[in-house]
Each structure stands twice: as C-alpha cells, then as structure tokens.
Asker: 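Shown below is the structure under consideration.
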Amino acid sequence: MTLRGLCQDTHEHLTRAELINALDTAFQELPEPVHPPQCCYQQLIRGGTERLPLAQATAGGSPPRWSPSHRLASPS
C-alpha cells in the first residue's frame, strides 16, 4: 500500500464513520465543571477518586465525595 492509498482509505473511513459530525455533536453541550481541573488532577494522583460504571457516570451519578479543601491534605 502506498502512502497516498493509506491516506485515501483513512479519509474514506472517517467520512463513512461521520467522525466530524460525531465530534461536533459531542462538544455542543459541555458539562459545567464542578471543580477546577488542577484540583481534580491532585485528587487523581493522590488516590482520592472512585471508579464508577460508565452508565452511572453518564446518567448524572452521585456528586464527588470530597471537597476542594481535601486537595491540600497529604497523601495517605
């Protein structure tokens, strides 16, 4: 396969998959952030998060069980 052929196949696949439309739809309504990204990242690296099934997370699952003040706590 040539580079031109690969590019053409990729373009055709993305066109058939309607990727641009899917991305446009996905970013039309962004959720309102609950906490600033840096606070969430600190909780993530310190083990202050919990796993949720995707269905629960997308259905508006329970609010976080931690508050922004926890971001200053030292990791356990």
Side-chain angles (χ1 to χ4, degrees):
M1 174 176 278
T2 64
L3 180 57
R4 178 180 287 230
L6 175 62
C7 291
Q8 184 63 37
D9 287 352
T10 302
H11 177 74
E12 289 172 4
H13 171 73
L14 294 175
T15 302
R16 282 191 309 273
E18 298 184 2
L19 181 63
I20 302 300
N21 291 337
L23 288 172
D24 187 50
T25 300
F27 288 99
Q28 287 297 316
E29 290 185 34
L30 296 175
E32 195 66 34
V34 178
H35 298 288
Q38 62 271 28
C39 178
C40 298
Y41 179 70
Q42 287 297 317
Q43 290 299 314
L44 177 66
I45 62 173
R46 292 180 177 169
T49 61
E50 65 182 286
R51 291 180 179 257
L52 293 176
L54 185 57
Q56 184 180 352
T58 58
S62 61
R65 294 183 186 173
W66 54 272
S67 68
S69 61
H70 287 124
R71 72 176 183 251
L72 300 176
S74 38
S76 308

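A quick note: this is a predicted structure, and the numbers were derived from the prediction, not measured.
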Asker: Determine whether Tyr41 and Val34 fall in the same hydrophobic cluster, where Ile, Leu, Val, Met, Phe, Trp and Tyr are linked whenever their side-chain heavy atoms lie under 4.5 Å apart.
Answerer: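 Each belongs to a different hydrophobic cluster.
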Asker: Taking atom types as modelled, is there a side-chain donor on Gln38 or Gln42 under 3.5 Å from an acceptor on the other?
Answerer: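 Per modelled atom types, Gln38 and Gln42 side chains form no pair under 3.5 Å.
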Asker: Starting at CD of Glu18, measure out to CD1 of Ile20 and round the result to the nearest 0.5 Å.
Answerer: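 If we round to the nearest 0.5 Å, Glu18:CD and Ile20:CD1 are 11.0 Å apart.
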Asker: If we ignore hydrogens and angles and just use 3.5 Å, is the side chain of Gln43 paired with the main-chain N or O of Cys39 as donor and acceptor?
Answerer: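 Here the side-chain-to-backbone pair does not exist.
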